[in-house]
Number of protein chains: 2
Amino acid sequence: MLRISKLTDYGTVVLASLVDRKDEVSSAAEIAARTGVAPPTVSKLLKLLAKAKLVSSTRGANGGYRLTRAPEDISAADIVDALEGPVSITECSASDSHCAYEENCDTGDAWQRINRAIRSALEDVSLRDLAKGTCTAPKMHFGGTPITIERTN
Amino acid sequence: MLRISKLTDYGTVVLASLVDRKDEVSSAAEIAARTGVAPPTVSKLLKLLAKAKLVSSTRGANGGYRLTRAPEDISAADIVDALEGPVSITECSASDSHCAYEENCDTGDAWQRINRAIRSALEDVSLRDLAKGTCTAPKMHFGGTPITIERTN
DNA sequence: CCCAAATAGGACTAAACTAGTCCTAAATAG
DNA sequence: CTATTTAGGACTAGTTTAGTCCTATTTGGG
């Protein structure tokens, strides 16, 4: 029940690989090599993460990405929001959807309580916590062969 | 982020429609008429819910479904489990998957903390709570036209 | 005893979403 | 000026989800 997408999963791996490199930039290719995630996918992820301001980018030769904030200040909620959008547990509790029965709806309430609880759980875990190890991707295989994830600590 | 499936959403609507009918059985067709959810879908849902023992079924003429327990004793977690399976937030924290790096993995920890928090949020909300109103489905449309959900209370 | 009303179970189709790739443009260091 | 690297978006393939339908089984009632 209730899965985050693989992309988000990879996203944490990518971000985790930047945790101990606050002062240097890493190119998408380097990150791909380090994490074992396919280069085009890393690239896509970094673009999304840059748009969400979780990483900053430097263009041109010797360019690359770095975290914009300390790993302690990036929460799992930030990552999920960046990569999956702020969609909510039910259509009906998503901010931009409105159901025709809204006026006399009491249910939303219960779902929204659940929703808030989930959010706060996600907000309580920082990238630092997630980066303690980096097994998030593992069960994954690329082209049939299991990938190798390098630990960065 | 983190959506439950529409089927689960409809599932709560279906279950909610049984809340105040503890002593009679309702046929799938009746429930479909009451909730506005398409009959085959209702049927499918009820089979799954019956398999999970959230409803009991009576076959044959005048048969139908009823809740097996009081609405207070059915949690949102039960419903999600019944309709989506006990899948977890990451592949890696799902009970039956094992990643190659498990032995030296500390990350799972953080995700699993999130996972537990989500579960407990789901366990804290009962069908009774969810049934206070029944707008869960609404934003949905069938064949392009918005459906009408009858309130049962 | 037979028929109609129901559920059980599973096969199947279509639509939506996700993952992943690739191409072109713009920026920048040397 | 050229090689490197990000930005942005188009596109494809694969998977998953939603939804439908068919056949078998059970059971109440005429």
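Just so we're on the same page: letters track the sequence lines, and every chain starts at 1. What you see is a predicted model, and the numbers here were worked out from it, not measured in a lab.
Here Arg128(A) pairs with Val19(A), Asp20(A), Pro71(A), Glu72(A), Ser126(A) under the side chain to side chain contact (heavy atoms under 4.5 Å, CB included) rule; sequence neighbours left out. The side chain to side chain contact (heavy atoms under 4.5 Å, CB included) test applied to Asp73(A) returns Arg69(A), Ala70(A), not counting sequence neighbours. Listed by chain and residue number, Leu18(A), Arg21(A), Glu30(A), Ile31(A), Arg34(A) satisfy the side chain to side chain contact (heavy atoms under 4.5 Å, CB included) test with Ser26(A) (two or more places apart in sequence, or in another chain).
Rounded to an integer number of Å, the gap from Leu48(A) CG to dT6(D) C1' is 13 Å. Here dA6(C) presents its P atom at 7 Å from CD of Glu30(B), a figure rounded to the nearest Å. Taking atom CD1 of Ile31(A) as the reference point, atom C1' of dT6(D) lies 12 Å away to the nearest angstrom. Spacing between atom NZ of Lys44(A) and atom C1' of dT6(D) amounts to 16 Å, rounded to whole angstrom units. Between the P atom of dT20(D) and the NZ atom of Lys6(B) lies a distance of 11 Å, rounded to the nearest Å. Atom pair Lys51(B):NZ and dT7(C):P shows a separation of 16 Å (rounding to whole Å applied). With rounding to whole Å, Leu7(A) atom CG is found 16 Å from dT15(D) atom P. Atoms CG (Leu49(B)) and P (dT7(C)) sit 13 Å apart, rounded to a whole Å.
Distance check, rounded to the nearest 0.5 Å: CD of Glu123(B) to CG of Asp81(B) gives 8.0 Å. Note that CG of Leu67(B) and CG of Leu15(B) are 6.5 Å apart. Values are rounded to the nearest 0.5 Å. The line from CD1 of Ile74(A) to CG of Asp129(A) is 12.0 Å long, rounded to the nearest 0.5 Å. Of the inter-residue distances, the one linking Leu122(B) atom CG with Ser75(B) atom OG reads 7.5 Å to the nearest 0.5 angstrom.
Close to dT16(D), at under 4.0 Å from its OP1 or OP2, lies no side-chain N or O of Ser5(B). Dashed line: the shortest gap from a side-chain N or O of Ser57(B) to OP1 or OP2 of dA8(C) is under 4.0 Å. Close to dT18(C), at under 4.0 Å from its OP1 or OP2, lies no side-chain N or O of Tyr10(A).
At the heavy-atom level, Ala28(A) lies under 4.0 Å from the strands shown only through sugar-phosphate atoms.
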Exercise for review: Could you encode protein contacts along nucleotides 22-30 of chain D as a string, one character per nucleotide from 5' to 3', using B for base contact, S for sugar-phosphate-only contact and - for no contact, with a heavy-atom cut-off of under 4.0 Å?
Suggested key: ---BBBSS-
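Side-chain proximity of Thr41(B) to the nucleotides dT21(C), dG19(D), dG20(C) is greatest for dG19(D).
Not a single donor-acceptor pair under 3.5 Å links the side chain of Glu84(A) to the backbone N or O of Ile4(A).
Taken over five-pair windows at either terminus, the axes of the helix from dC1(C)-dG30(D) to dG30(C)-dC1(D) are inclined to one another by 10° (rounded to 10 degrees).
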Cut-off 3.5 Å, no hydrogens considered: what does the side-chain donor-acceptor table look like for residues 46-66 of chain A, sequence neighbours left out?
none

